[in-house]
Amino acid sequence: MRAMKRIRVVDSHTGGEPTRIVLAGGPDLGGGPMATRLERFRTSFDSIRSAVVNEPRGSDALVGGLFCESEHPACVGGVIFFNNIGYLGMCGHGTIGLVATLAYLGRITAGTYGIETPPGRVSARLHEDGRVTIRNVPSYRLAAGVTVKAPGLGRVTGDVAWGGNWFFLVHEHDQELRFDRLEQLTDFTWRIRQALRANGITGAGGKEIDHIELFGPPTTPGADGKNFVLCPGKAYDRSPCGTGTSAKLACLFADGKLRPGQIWRQESIVGSVFEGSVTVEGGEIYPEITGSAFVNGEADLILDERDPFCYGIHGL
Ligand code: PYC
């Protein structure tokens with residue numbers, strides 16, 4: 001008898017950034033908060049993470065999302081996001097992809113839905129025209145103007161901010177943000193990432209800053225700025241990055257450059273755009289991010305124990 005496992009997935013992309021939502025056949029993580037379930041995923045089922053997103057079934061750019069049942073009546077479900085090397089906190093493009101997936105499956109119609117994630121509950125509004133607005137977890141700037149010496153780059157200064165993941169946001173640099181410079185941009189940001197780690201510069205509670213975000217002038221008409229975002233596993237975000245845009249909004253707000261409700265249009269390195277704004281409640285900054293996702297695949301992944309790469313090619 002061959003040991004074969006089937007995992008039901010729906011694929012989508014949000015502004016070019018792919019998401020693969022696991023709907024059935026994934027690990028049973030039991031109940032409790034998403035943060036607890038994430039730890040069970042990490043410690044007991046990490047090979048499933050790799051099988052779903054890594055080559056030969058996936059790619060370094062692919063973000064997976066395990067759709068889970070929620071214990072909160074106000075929530076349509078919970079989600080744990082993961083990538084080629086590990087797990088994410090929140091994921092903005094992925095949440096937009098999840099909502100588009102649930103709409104495609106006929107499980108939701110236009111309206112507002114709670115979704116549990118490891119760093120907290122978010123909400124998502126599916127508009128009649130298919131756009132999705134997510135209200136992210138509270139976001140904030142932890143430290144402004146942090147300087148780090150990066151090998152081959154010299155001194156680089158940026159802000160440390162939380163948008164559901166930890167970001168180092170760099171505005172002053174000599175890099176042109178162009179699609180034909182992906183290799184140079186990846187090398188530049190990877191050096192910063194390693195320098196932060198080597199110098200013990202972290203987010204709150206010693207958490208690793210695993211996303212690096214460069215900013216430059218926009219090229220798409222109507223956009224306010226363009227970014228290049230390096231993700232934890234060295235892939236770049238094709239979308240403007242929902243959590244990265246949230247971190248940016250928190251910094252703009254902290255600098256007095258963004259009023260509550262004012263729209264900021266963030267362009268990605270591939271030219272896709274998210275619209276962002278903030279609301280302030282109880283002293284906390286809640287980013288709202290609007291974008292669109294398109295379903296582009298629906299499949300059963302087959303995990304065949306005889307396959308030497310059944311659980312993916314990994315090892316970064
Ligand atoms: O949209 O938040 C996001 C995201 C994080 C990593 C890739 N995309």
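Order of appearance sets the numbers: ligands from 1, and atoms from 1 within every ligand.
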**Prompt:** Using heavy atoms and a threshold below 4.0 Å, how should the contact between Asp237 and ligand 1 be classified: side chain, backbone, both, or neither?
**Reply:** side chain
**Request:** Within a distance under 4.0 Å of any heavy atom of Gly242, pick out the atoms of ligand 1 and give their elements.
**Result:** 1 (O), 2 (O), 3 (C)
**Asked** Under 3.5 Å between some N or O of ligand 1 and some N or O of Gly94?
**Response** no
**Fill in**
ligand 1 to His93, heavy atom cutoff 4.0 Å, flagged ligand atoms 1 (O), 3 (C), 4 (C), 7 (C), 8 (N)
**Complete:** Nearest non-hydrogen protein atom to atom 6 (C) of ligand 1, with distance, is His211 NE2, 3.8 Å
**Side-chain donor-acceptor pair present, Tyr236, Glu17, cut-off under 3.5 Å** = no
**Message:** Do Gln266 and Thr245 pair up side chain to side chain, a donor and an acceptor below 3.5 Å, judged on atom types alone?
**Reply:** no
**Item:** Presence of salt bridge, Arg121 and Glu116, under 4.0 angstrom
**Value:** no
**Prompt:** So Tyr140 and Trp166, would you call those rings parallel, tilted or perpendicular, with 30° and 60° as cut-offs?
**Reply:** perpendicular
**Asked** Can you find an N/O atom of Ser239 closer than 3.5 Å to an N/O atom of ligand 1?
**Response** no
**Prompt:** For the residue pair Cys75 and Ile115, what are the closest heavy atoms and their distance?
**Reply:** SG-N, 3.9 Å
